[in-house]
Protein chains: 2
Amino acid sequence: MGRVGLSTERLVRAGAELADEVGFDQVTVSALARRFDVKVASLYSHVRNSDDLRTRIALLALAELADRGDVALAGRAGKDALTALADVYRDYAREHPGRYAAAQLRLDPEAAAASAGGRHARMTRAILRGYDLAEPDQTHAVRLLGSVFHGYVSLELGGGFSHSAPDTEETWTRILDALDVLLRNWPPER
Amino acid sequence: MGRVGLSTERLVRAGAELADEVGFDQVTVSALARRFDVKVASLYSHVRNSDDLRTRIALLALAELADRGDVALAGRAGKDALTALADVYRDYAREHPGRYAAAQLRLDPEAAAASAGGRHARMTRAILRGYDLAEPDQTHAVRLLGSVFHGYVSLELGGGFSHSAPDTEETWTRILDALDVLLRNWPPER
DNA sequence: TAATTTGCCTAAATGCTTTAGGCAAATACT
DNA sequence: AGTATTTGCCTAAAGCATTTAGGCAAATTA
């Protein structure tokens with residue numbers, strides 16, 4: 001009967017933890033209510049609906065990722081920076097698979113604008129300052145890096161590379177080596 | 001009253017169409033029943049449950065993709081083959097976004113074994129025959145290609161590259177150019 | 001201390017999932 | 001053809017998630 005002390009903040013945080021434990025698509029208003037030992041309807045004062053909850057978890061994940069990226073990039077350049085940011089994504093996905101899945105949620109334009117999406121784009125661009133790429137090649141490269149990071153991480157997480165030699169650790173470092181080489185020798189438009 | 005002529009085959013096919021129209025996660029046994037103008041329970045004779053339905057849609061998508069890949073690769077090698085297979089994935093995802101999302105479904109080991117997953121791996125390896133890569137570099141390269149294809153396609157589909165110049169068409173061809181160069185100059189282990 | 005706001009509640013409607021059991025149409029057998 | 005069996009879709013019902021409306025009591029403010 002006493003008050004548990006709910007708030008949008010706490011719900012989103014707990015929702016993120018729940019996502020990491022049982023998967024983002026298992027994050028439900030009901031499950032969250034159970035976790036707080038509170039009736040379902042009580043959550044609807046703090047969160048508009050199920051969709052709103054998920055969107056907020058996505059925004060949290062994007063912000064956390066961007067924060068980690070900032071830290072990782074500080075004082076680094078070139079391949080050092082490339083590896084650091086790549087590892088941020090990969091490590092985050094492995095530590096927080098549910099949050100990482102949330103970060104992939106397709107956001108409506110309003111939420112997207114309020115998200116840390118811009119910070120992510122800027123971080124990737126910052127890496128490319130260590131390489132000699134003029135526009136529009138820089139944008140092409142930003143998109144390639146985004147594709148590789150996201151693609152590799154989500155395939156690895158989904159078990160796409162499982163139980164096959166060589167181990168994924170080795171592949172990851174070799175892919176980063178290869179990207180570094182590629183960025184230093186970006187082919188001119190033919 | 002009369003019989004509509006349901007079958008697992010037809011349900012899965014209709015489910016795939018539904019996925020393309022409203023999104024894979026909106027594919028529900030109920031929605032499918034509505035589409036056939038049949039009571040929900042009737043579907044349970046043809047499909048074990050909701051999960052079974054989704055898994056079957058995923059297997060269909062993987063098989064269709066592999067079929068397209070086979071056709072595209074026939075008679076091609078080197079960069080030609082690389083571009084052809086890459087376009088298969090990208091085009092399929094744009095024509096059938098719901099099926100493509102389904103193909104990303106995490107399958108249980110049994111379903112995975114019965115899936116066309118192996119064909120996909122073989123196709124990518126076939127491309128690499130046009131380049132000079134020995135193991136374990138070949139596996140690293142297979143994983144890189146998988147990451148780029150999947151990563152790019154899903155980011156583009158999710159609107160990750162939207163409303164920004166240059167257009168994604170241009171980026172796609174430049175990324176394939178870059179991959180071709182990279183595969184021809186794969187950096188040795190250092 | 002009284003007034004107001006806030007936090008969680010009960011109640012109820014709607015919709016998806018799944019199981020159990022039934023009847024009639026289609027198919028196979030004599 | 002007539003009978004037996006299988007198959008296809010049905011009704012019924014229980015369980016759980018989502019969402020809204022309205023209420024009471026604790027916390028906050030005046």
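Proteins get letters first, then strands, A, B, ... in listed order; numbering begins at 1 in each. What you are looking at is a predicted structure, and each value in this text was computed from that prediction instead of being measured.
In terms of hydrophobic clustering, with Ile, Leu, Val, Met, Phe, Trp and Tyr side chains grouped at heavy-atom distances under 4.5 Å, B:Leu176 and A:Tyr152 are assigned to a common cluster.
Of the residues in residues 11-31 of chain B, not one places a heavy atom less than 4.0 Å from an atom of DNA chain D. If you check residues 34-55 of chain B against DNA chain C, the residues with a heavy atom closer than 4.0 Å are B:Arg34, B:Val40, B:Ala41, B:Tyr44, B:Asn49, B:Ser50, listed by number.
Every residue meeting the side-chain hydrogen bond (donor to acceptor under 3.5 Å, both in side chains) condition with B:Arg125, not counting sequence neighbours, appears here in chain and number order: B:Glu135, B:Gln138, B:Thr139. Residues satisfying the side-chain hydrogen bond (donor to acceptor under 3.5 Å, both in side chains) criterion with B:Asp177, sequence neighbours excluded, are B:Lys79.
Applying the salt bridge (charged side-chain N to carboxylate O under 4.0 Å, His left out) test to every pair with at least one member in residues 136-152 of chain B, sequence neighbours left out, gives these pairs: A:Arg174-B:Asp137. Screening residues 147-162 of chain B for salt bridge (charged side-chain N to carboxylate O under 4.0 Å, His left out), with sequence neighbours left out, gives B:Arg90-B:Glu156, B:Arg94-B:Glu156.
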Begin with the C-alpha distance, continue with both residues' side-chain angles, and end with the deciding distance and a verdict on side chain to side chain contact (heavy atoms under 4.5 Å, CB included) for B:Leu182 and B:Leu144.
CA-CA 11 Å; B:Leu182 180 57; B:Leu144 171 62; 3.7 Å; yes

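No donor-acceptor contact under 3.5 angstrom links the side chains of B:His46 and B:Thr8, judged on distance only.
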